[in-house]
Amino acid sequence: MECTDTAEEQRVHSPPASLVPRIHVILAQKLQHINPLLPACLNKEESRTFVSAFMSELSPVRAELLGFLTHALLGDSLAAEYLILHLISTVYTRRDVLPLGKFTVNLSGCPRNSTFTEHLYRIIQHLVPASFRLQMTIENMNHLKFIPHKDYTANRLVSGLLQLPNNTSLFIDETLLEQGQLDTPGVHNVTALSNLITWQKVDYDFSYHQMEFPCSINVLITSEGRSLLPADCQIHLQPQLIPPNMEEYTNSLLSAVLPSVLNKFRIYLTLLRFLDYSISDEITKAVEDDFVEMRKNDPQSITADDLHQLLVVARFLSLSAGQTTLSRERWLRAKQLESLRRNRLQQQKCVNGNEL
């Protein structure tokens, strides 16, 4: 048969092997995760020994990880707590269009014109299997392609920056943003980022129509003030120390951690995403009663959204301790963390009125 492909299509679809290597696949299996330190399938019988052995030493691993991230965040232990919750978060189900389990964190208060965010990303790179740092500058927003689009001339889909594997840690660095004008592609890119954060979806552009693809991407936004992008949780950084040289500080922090301990951190952050979680009827009733009491004491500032936020924090706080059900102790700890976080934001608002 005569080939009906255009010359452009042939060039795109059949590049030389020297340019695009070929992998011929006989059998393919979709992996539950991409962390090589864990068994490929955690549900199998032979994996249970590995899981139970690791769960038995979970408490000291969490304590060490909290200390490690506290140093990475310049001595801020509250921000480190929230960073752990963020790193183990994942979309576990969808209710209508609402993705449940996402926990986008905005780490505000990051110093501008500093290498802090760059080195914080280095730390995260050492902990997670997949990560990507997006430098949010006017030039990047206006010129980079964020969403995949169909090239009808070559009859192929051109990939975009947000075409990321599930459970990728997307690190958005907003401290690099300067004054300037977003053009039409820049506005579309901001919209695409907002849709990814809010709905956990990427809209592929087929020119004549958009097609939604669901995803589960962990988004961490670093900014000086409050982020321009939506976030589930804003935590304002309060550094307890200012290293004279961030590169030396980060290098010494990484070199002080044994490779075996670093591997435990990596196992911890992957494994906890796959734990089942539930809330008993007894605790559900206690939470409802507690919320009613909170509304009585402060009806203006305590809303249904605050309850949802508390339940999300309590969920990941429980899972971070290896507990698959909510206890009264973890609920009270979640309330304490949220109170500390909100008080810190309120203090910052008093210092700088445009912070919130």
Side-chain angles (χ1 to χ4, degrees), residues 30-35 42 82-107 124 128-132 134 136 146-148 159-172 174 188-205 209-223 226-235 269-279 284 287 303-320 324-326 334 337-338 341:
K30 187 173 181 179
L31 296 174
Q32 191 178 8
H33 60 85
I34 57 170
N35 189 332
L42 297 169
Y82 276 91
L83 186 54
I84 288 179
L85 306 188
H86 162 76
L87 290 172
I88 65 171
S89 65
T90 187
V91 176
Y92 60 89
T93 191
R94 292 177 187 265
R95 188 167 295 161
D96 296 326
V97 296
L98 186 65
L100 301 180
K102 72 183 184 74
F103 193 57
T104 298
V105 170
N106 171 208
L107 182 66
I124 292 174
V128 298
S131 62
F132 179 72
L134 175 59
M136 198 171 172
F146 277 33
I147 62 174
S159 64
L161 286 181
L162 299 184
Q163 198 175 353
L164 299 167
N166 277 345
N167 295 320
T168 296
S169 286
L170 175 58
F171 187 102
I172 301 177
E174 207 177 281
H188 288 164
N189 283 337
V190 171
T191 302
L193 276 177
S194 298
N195 286 338
L196 170 67
I197 292 167
T198 305
W199 308 112
Q200 287 291 301
K201 66 169 188 172
V202 178
D203 295 320
Y204 285 35
D205 182 9
H209 68 282
Q210 303 277 328
M211 187 174 290
E212 294 180 2
F213 283 83
C215 59
S216 179
I217 305 296
N218 283 23
V219 184
L220 177 66
I221 309 164
T222 55
S223 59
R226 183 176 182 174
S227 173
L228 302 174
L229 297 168
D232 299 307
C233 173
Q234 181 192 358
I235 175 76
L269 293 175
T270 299
L271 181 60
L272 296 187
R273 289 178 172 178
F274 296 96
L275 296 182
D276 292 325
Y277 177 82
S278 62
I279 305 178
T284 300
V287 167
T303 65
D305 288 339
D306 295 319
L307 175 61
H308 175 74
Q309 171 87 340
L310 270 170
L311 288 169
V312 170
V313 171
R315 175 192 180 90
F316 293 122
L317 194 59
S318 299
L319 291 175
S320 74
T324 56
T325 186
L326 180 60
L337 286 177
E338 278 295 275
R341 182 185 69 83

Quiz prompt | Tyr92 six-ring face occupied by Arg273 cation (under 6.0 Å, within 45°) | solution = no

Quiz item: Which is it for Asp205 and Gln210 under the side chain to side chain contact (heavy atoms under 4.5 Å, CB included) test, yes or no, and what are the steps along the way?
Solution: CA-CA 5 Å; Asp205 182 9; Gln210 303 277 328; 3.5 Å; yes

Self-check item: Test side chain to side chain contact (heavy atoms under 4.5 Å, CB included) applied to Val190 and Leu229, step by step
Solution: CA-CA 8 Å; Val190 171; Leu229 297 168; 4.2 Å; yes

Quiz item: Is the shortest heavy-atom distance from the side chain of Val105 to the side chain of Ile235 under 4.5 Å?
Solution: yes

Self-check item: Rounded distance [0.5 Å steps], CG in Asn195 versus CD1 in Ile147
Solution: 9.0 Å

Quiz prompt | Spacing of Leu170 atom CG and Leu193 atom CG [to the nearest 0.5 Å] | solution = 7.0 Å

Exercise. Answer whether the closest heavy-atom distance between the side chains of Arg341 and Cys233 falls below 4.5 Å.
Key: yes

Exercise. Can you measure from CG (Leu275) to OG (Ser320) and round to the nearest 0.5 angstrom?
Key: 10.5 Å

Quiz item: Taking the side chain as C-beta and beyond, is there a heavy-atom pair between Leu98 and Asp96 under 4.5 Å?
Solution: no

Quiz item: Is any side-chain heavy atom of Glu174 less than 4.5 Å from a side-chain heavy atom of Leu228?
Solution: yes

Quiz item: Which atom names give the shortest non-hydrogen contact between Ile217 and Gln200, and what distance separates them?
Solution: N-OE1, 2.6 Å

Quiz item: Is the gap between the ring centers of Phe132 and Phe171 under 6.0 Å?
Solution: no

Practice problem: Applying side chain to side chain contact (heavy atoms under 4.5 Å, CB included), run through Lys201 and Phe213 and close with a yes or a no. | Solution: CA-CA 5 Å; Lys201 66 169 188 172; Phe213 283 83; over 6 Å; no

Quiz prompt | Heavy-atom closest pair, residues Ser216 and Asn166 | solution = N-OD1, 2.9 Å

Self-check item: Distance in Å, Met211 CE paired with Tyr204 OH, rounded so as to fall on 0.5 Å steps
Solution: 10.5 Å

Self-check item: Heavy-atom side-chain proximity of Ser89 to Val312 below 4.5 angstrom
Solution: no

Quiz item: Is the shortest heavy-atom distance from the side chain of Gln234 to the side chain of Ser227 under 4.5 Å?
Solution: no

Self-check item: Where Ile197 and Thr104 come nearest, the two heavy atoms and their spacing
Solution: CG2-OG1, 3.6 Å

Quiz item: Do you know the tightest heavy-atom contact between Val91 and Cys215?
Solution: CG2-O, 4.3 Å

Quiz item: How long is the gap from CG on Asn218 to NZ on Lys102, to the nearest 0.5 Å?
Solution: 11.0 Å

Exercise. Check the pair Val128 / Ser131 against side chain to side chain contact (heavy atoms under 4.5 Å, CB included), numbers first and verdict last.
Key: CA-CA 7 Å; Val128 298; Ser131 62; 3.9 Å; yes

Quiz item: Do Asn167 and Thr90 meet the criterion of a side-chain donor-acceptor pair at a distance under 3.5 Å?
Solution: yes

Self-check item: Any side-chain heavy-atom pair of Ile88 and Leu319 under 4.5 Å
Solution: yes

Quiz prompt | Interatomic distance, Leu317 atom CG to Leu311 atom CG [nearest 0.5 angstrom] | solution = 12.5 Å

Quiz item: Any donor and acceptor pair, going by atom type alone, linking the side chain of Thr168 with main-chain N or O of Leu164 inside 3.5 Å?
Solution: no

Quiz item: Relative to each other, are the rings of Tyr82 and Phe103 parallel, tilted or perpendicular (30° and 60° limits)?
Solution: parallel

Practice problem: Verify the distance criterion only: is there a donor paired with an acceptor across the side chains of Asn106 and Ser223 at less than 3.5 Å? | Solution: yes

Quiz item: Where is the tightest heavy-atom contact between Ser194 and Pro230, given as atom of each residue plus distance?
Solution: OG-CD, 3.7 Å

Quiz item: Any side-chain heavy atom of Ile279 within less than 4.5 Å of one from Thr325?
Solution: no

Quiz prompt | Minimal non-hydrogen separation, Trp199 against Val97, with atom names | solution = CE3-O, 3.7 Å

Practice problem: Output yes when a side-chain donor or acceptor of Gln32 lies under 3.5 Å from a complementary backbone atom of Leu42, and no otherwise. | Solution: yes

